[in-house]
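For reference, the structure is listed below as structure tokens.
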Amino acid sequence: MGRQRLRLVAVLGTLVLALAAAGCGGDDDGGSGGGEAKGGGTLVFGTSADPVVLDGSLVSDGESLRVIDQIFETLISLKPGTTELEPALAESWEISDDGLQYTFKLREGVKFHDGEPFNAEAVCTNFDRWYNFKGSFQNSSASYYWQTVFGGFKTPEEGSPEDSFYKSCEATDENTAVLNLTKPSSSILGALSLTAFAIASPKALEEFGADEGKVDEEGIFQPTGSFGTEHPVGTGPFKFESWTRGDRLTIARNDDYWGDKATLEKVIFRPIDDNAARLQALQSGEIQGYDLVEPQDVKTIEGDDKLQVLDRPAFNVGYVGFNQKMKPLDDIKVRQAIAYGLNRKEVVDEFYGGRGEVAKEFMPPEVTGYADDVTEYEFDPEKSKELLREAGLTPPVKIEFWYPSDVSRPYMPDPKRNFEAFSASLKEAGFQIVPKTAPWSPDYLGAVDEGKAQVYLLGWTGDFGDPDNFVGTFFQTPQKAWGFDNKEIFDKLNEAEAETDLDAREGLYQEANKLIMDFLPGVPYVHTKPALAFQADVQGYEPSPVSLESFATVTLGGDGEEG
Amino acid sequence: MSVAELEARAVELEAPSGLWRDAWRRLRGNPGAIVGFVLVGLFVLVALLAPVLAPYDPREQLGLSNAFDGPSTSHLLGLDGLARDELSRILYGARFSLLVGIVSVAVGLSIGLLLGAVAGYLGGFVDSLIMRAMDVMLSIPGFLMAIGIVALLGPGLFEIMVAVGVTQIPIFARLLRGSVLAQRENDFVLAARSVGVPRRTILAAHILPNAISPVIVQGTLALATAIIDVAGLGFLGLGPQDPSTPEWGTMLADVNRYFQTGPHLAIAPGVAIVLSVLGFNLIGDGLREALDPKLRGR
């Protein structure tokens, strides 16, 4: 199942979360009244595709989340640019000693865009809606976040998880919502900052048929109601205005917002699927910004003083995976030989436009539990050959090496190029490479998930700042893609996930990371900093490691902006 | 003179010229065809001599930090995105294109010829069966069918050759069938039949040699199509499994995303594809004119 998550997130991109400009940041920002009227204007943002549907509970693709984050809010959010929790719709919360009861004190005086009051009743209606998803809504791609965080549903369909962490939600008074769990979990709070758990207006959910429609086999929600396409009603700093598929989606400032109001009057999201075309649109001023700039374009943009590049902190990992079910990878010496035979530094230095750092473990340094003293494997082809001989093999040793075609991910903008460079260095290290390739989805991911790929290129972008979201995803249970069964690692990760003391937890994850890098189920090679590009006069956009970014803080510097 | 004598002389007069000699004479007089021959000659020469001509190993990465270097004296066409010598890759690419072109045309031609000849000569039910099948194949655009076949078989050198070859089968089959039909009722065939020559011999010795000329024209044109198709498959990511294989279409596709970084890399493979295809097309056109009976004697 972890693999399933990997597929999903990897395919669809990073998570974006609604971040009410709100929070603490706003307090020292002077009077909100002044800023509000002065800036104004419209910002046009180039996206790679249309959102699927504007309902956070049923999507996980970056383009949907990006827009949903502006319209909806969650109980708990993250401080801009970090993975630290901060209050959002919930002003404070308490956790019972047994870890089974979460009491949220809700912010007062908040209204949904349709004028309905935000209260405990509304919160519980949303939780109950998710818990009661039926039929195709239980598709693990559609309601992926619910299943990852809370497990199963009230009436599980065949193939859905049986157990659920979720027990019930009670509105004990107007502004107090109590969330009851069946067992304690250390990652619930962090997870509540996910867009999937954003609170929508119960009236709009009902009136516009949010639950009408079907999730198709690919996990794409095909709505027949109009909630997610024409009437997404939340509490966020922007309101939905209009959406012409393939052309533009417009959101407008919510003047009744409870926190610091947005400066921009409107934000228009325009889908431009070709990366080169997005760059040109930015250069020509047709759009004022876009996401996921290709590494090779960064220099071009930096060289233009009308444009600017913003960095997102590294929150991903690119790795070479091994399937230990396929000999001779069951031999640790052979895995080490591959690790020593991959010229990771050269690839990272040359192919990532200065935006990558060589990875030494399966999570980025920003995540708690990162261990500084794991075993490292510097490029050393002679040592590889020696290890192969020690393993009783005669170089060249034949291995099947898989890479995906037609895909670009933040951690591997051009998989084929990585593959070719790695192949060359592995050849030097005494391997004979049998190249294998397939289109990314579903063929390639399918082959990897089914355990058909021996050595393969893959990666992962984090959803939220928790180590469980990285190593837990990969190595907590036996998976076909890795093909190993190492009780020591599984136990360590289970122990770490259940541990609620933060320091102890960090220590456990560090130990797990050391175990993993000794056992070497794969070789992580890169963490990248994805880049965003904007016109130079766009200010106030704060890139977040988990792509939780708000347009509410954005201002347009110059005057006479074009619409 | 008797009638017999008159006819005999006419036969004598025609004999020394002959179809092939005639065609050759006309071909030599066609400047387009000459250019075609030069281009194709170069192409074949490069393909055969690639190991001698190429200054570097086309798969060797000469230091990734040099990737995308522009043309220089040591690398006439610059380095590609993995710091491999572009010129060497183009030269070796000719090899690949020629090989795939010839093999796939051979596949299409042999199967197509067989089916066409059988259909044309036997006629009746067999003819209908084969030709309807060919019509079905023709109804699918050739390149689309090639993509389908590669998708089915999986990308790879052999698979590409089969895919491109298969798309050529119906063209050859139809062509030959038409030609055979035209020959079948000729007097010399009737004469052979009347003296009891076996059908197989008639087909092989009398009909095919006379029906073959349009096939030769089509064959050279098919080579051009094959090269384009192979490059097209490569461009769409259905090229050889090993991505380090120097294949023009794949090389072109690879530059696609680095166009702002290394524009010089788009020119070389593009020009190579154009020139080789142009060469075969010019020869094909020349041959068509040379072998067309309607144009004969002009």
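Fair warning: this is a prediction, and the values are worked out from it, not measured in the lab. These numbers come from the heavy atoms of this one structure, side chains and all, not from hydrogens, waters or symmetry mates. In what follows, chains are A, B, ... by sequence order, proteins preceding strands, each numbered from 1.
Of the two parts of A:Glu420, the backbone and the side chain both hold a non-hydrogen atom closer than 4.5 Å to a non-hydrogen atom of chain B. Using a 4.5 Å cut-off between heavy atoms, A:Leu279 contacts chain B through its side chain alone, with no backbone atom that close. Proximity to chain B is absent for every atom of A:Ala276, based on heavy atoms less than 4.5 angstrom apart. Neither the backbone nor the side chain of A:Lys299 comes within contact range of chain B, judged by heavy atoms closer than 4.5 Å.
A donor atom on one side chain and an acceptor atom on the other are not found under 3.5 Å apart for A:Ser48 and A:Asp291.
Ring pair B:Tyr258/B:Phe68 is tilted by interplanar angle, where 30° to 60° counts as tilted. Ring orientation note: the planes of A:Tyr456 and A:Tyr319 are nearly perpendicular, at an angle over 60° on the 30°/60° scale. Ring orientation note: the planes of B:Phe43 and B:Trp248 are tilted relative to one another, at an angle of 30° to 60°.
Considering only heavy-atom pairs separated by less than 4.5 Å from chain A, the leading option among B:Leu236, B:Leu82, B:Asp242, B:Leu238 is B:Leu82. Looking only at heavy-atom pairs under 4.5 Å with chain B, the residue among A:Lys416, A:Arg417, A:Lys427, A:Glu346 that has the most is A:Arg417. No other option in A:Asp414, A:Thr437, A:Thr300 has as many heavy-atom pairs under 4.5 Å with chain B as A:Asp414.
Checked options A:Phe419, A:Tyr352, A:Phe422, A:Phe351; the residue passing with A:Tyr525 is A:Phe422 (criterion: ring pair (Phe, Tyr, Trp, His ring centres under 6.0 Å)).
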